[in-house]
Amino acid sequence: MMVLSSAIPYRSDPAIGAGDVVWASLIALGLLALAFIILLQLRRKGWLGAWTNGAPGTKDGPRWNVQSQRISRRAVAHTLTREGHSLLVVETPSGIAIAPLAMDGEQQAGGVHGDQDER
């Protein structure tokens, strides 16, 4: 005769008690509030300026004025200007070329690479 085993009894009580869930929630909320207060105090003292506003000096310092022009399908020329300095940046699939530009009537002797003109 074949004896059938009884079914696996399902658990009727919860794995985690309601009191444990309440305590875990209160501790989590307390830690979040503490972290928020600490971050607020650090921001007031200026210690988070590098994270919230970028690197130091970028907000108040001079910025580059950028003008871009597409030369061909895959090449772009950018002119970067700041405080009387100007750079020409050309991007192509084979690489990037950077050259200084003369500003406000300044003359550069021999162009960008003056030593190459003598060869």
Under 3.5 Å donor-acceptor pairs involving side-chain atoms of residues 91-100, not counting sequence neighbours:
| residue | atom | partner | partner atom | Å |
| --- | --- | --- | --- | --- |
| Glu91 | OE2 | His78 | NE2 | 2.4 |
| Thr92 | OG1 | Ser94 | OG | 3.1 |
| Thr92 | OG1 | Gly95 | N | 3.4 |
| Thr92 | OG1 | Gly95 | O | 3.0 |

query = Is Ile71 reachable from Leu88 through a run of I, L, V, M, F, W or Y residues, each pair having side-chain heavy atoms under 4.5 Å apart?
reply = yes
ask   = Roughly how far, to the nearest 0.5 Å, is the CG atom of Asn65 from the CG atom of Leu80?
value = 9.0 Å
inquiry  = I'd like to know if Val76 and Val66 are part of one continuous hydrophobic network [Ile/Leu/Val/Met/Phe/Trp/Tyr, side-chain heavy atoms within less than 4.5 Å].
reply    = no
note = Heavy-atom closest pair (Arg63 atom, Arg82 atom, distance to 0.1 Å) is O-CG, 3.8 Å
remark   = Here the gap from Leu39 atom CG to Leu34 atom CG, rounded to the nearest 0.5 Å, amounts to 9.5 Å
key: Nearest-0.5 Å distance, CD1 of residue Ile37 to CD of residue Gln41   = 8.0 Å
task = Identify, with sequence neighbours excluded, every residue that meets side chain to side chain contact (heavy atoms under 4.5 Å, CB included) alongside Val21.
result = Ile16, Ser25
ask   = Does Trp64 CH2 have over 12 foreign heavy atoms under 6.0 Å away?
value = yes
